[in-house]
Amino acid sequence: MVSIRTGHVSITGNFRENNEDSYVVDESQRYFIVADGMGGQNAGEKASALAVELIPKQLEQLLNFDGGSKSEVVDAIDQSVDYANSEIMSLSEVDPSARNMGTTVVFLVRAGDNFYIGGVGDSRVYLLRNGNLQQLTNDHSLTQALLEAGTINEEEAKTHRYRNVLYRYLGTKDGSSGTDASEIKPEPGDRYYLCSDGVTDGIGADQIQELLVSSDDPQVIAQKLVDAALQGGSRDNITGVVVFVE
Ligand code: CA
């Protein structure tokens, strides 16, 4: 198994009253999750906190972290996310203060020699390998759907008024239709970055790439990325987890 080092930072930012992002970095380095909650009052915070609490609990029960076939691992992940989705939906029905709460989720899960990366919503996972930055997750946003359909172009997508509108997230029926998890064989030198859209509201891919190689300390990089997003004008909560493969 490859050895890894991590860094992580989450801030409320300058424009929000509370931090609706949540994340988890497993002490045994088996999974890393970022969730970006939404909903009135404290509902968003609740939803993202539930996601990072319930998904690991389910993974511990359902997933063989020593490995398995891709479909076994992905099924266990999808079921874990599905469970969190159902719980969030049920709670939002019984608790008036949690009405219509929802959350995105992205994850990096290690099983055997492989990484499994995916999510629901518009939080992202990037991989920097051999000098190329690649987004490994799909945004489940209306803007991304319009982009894929060819209705709008990349430039229009950046400022499109539906760019924060999601068609899939946890807390809705559509939240449970899989996580599009992909299997990746990690390589020494890989640098992964899981982040909420507060990061990408402030900085672009070029800057993410530049900052991911700006230090040998993943915690320093996690802090630099969040600082840069804040300085870049992000008006959101800002959260990122950096994972180095040694
Ligand atoms: Ca956000």
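First listed ligand is number 1; within each ligand, the first listed atom is number 1. Every value quoted in this text rests on a predicted model; they were computed, and no experiment measured them.
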TODO: Kindly assign one of parallel, tilted or perpendicular to the pair Tyr193 and Tyr126, based on the angle between their ring planes and the thresholds 30° and 60°.
DONE: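 Correct class here is parallel.
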Open item on the list: Taking N, O or S atoms only and a limit of 3.0 Å, check whether Asp36 reaches the Ca ion (ligand 1).
Closed with: yes
Open item on the list: Using a distance threshold of 3.0 Å, state whether an N, O or S atom of Asp197 lies below it from the Ca ion (ligand 1).
Closed with: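 Coordinating: yes.
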TODO: Taking all heavy atoms of Val106 and all of Leu194, pick out the closest pair and write down the distance.
DONE: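 Scanning both residues, the minimum pair turns out to be O-CD2, 4.0 Å.
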Task: Any Ile55 side-chain heavy atom under 4.5 Å of Ser80 side chain - done: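 Yes; the side chains approach each other to less than 4.5 Å.
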Open item on the list: Ignoring hydrogens and geometry beyond distance, is a side-chain donor-acceptor pair present between Gln144 and Tyr167 at under 3.5 Å?
Closed with: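 Short answer, no.
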Open item on the list: Please give the atom name: the N, O or S atom of Asp236 nearest to the Ca ion (ligand 1).
Closed with: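 Closest to the Ca ion (ligand 1) among those atoms: OD2.
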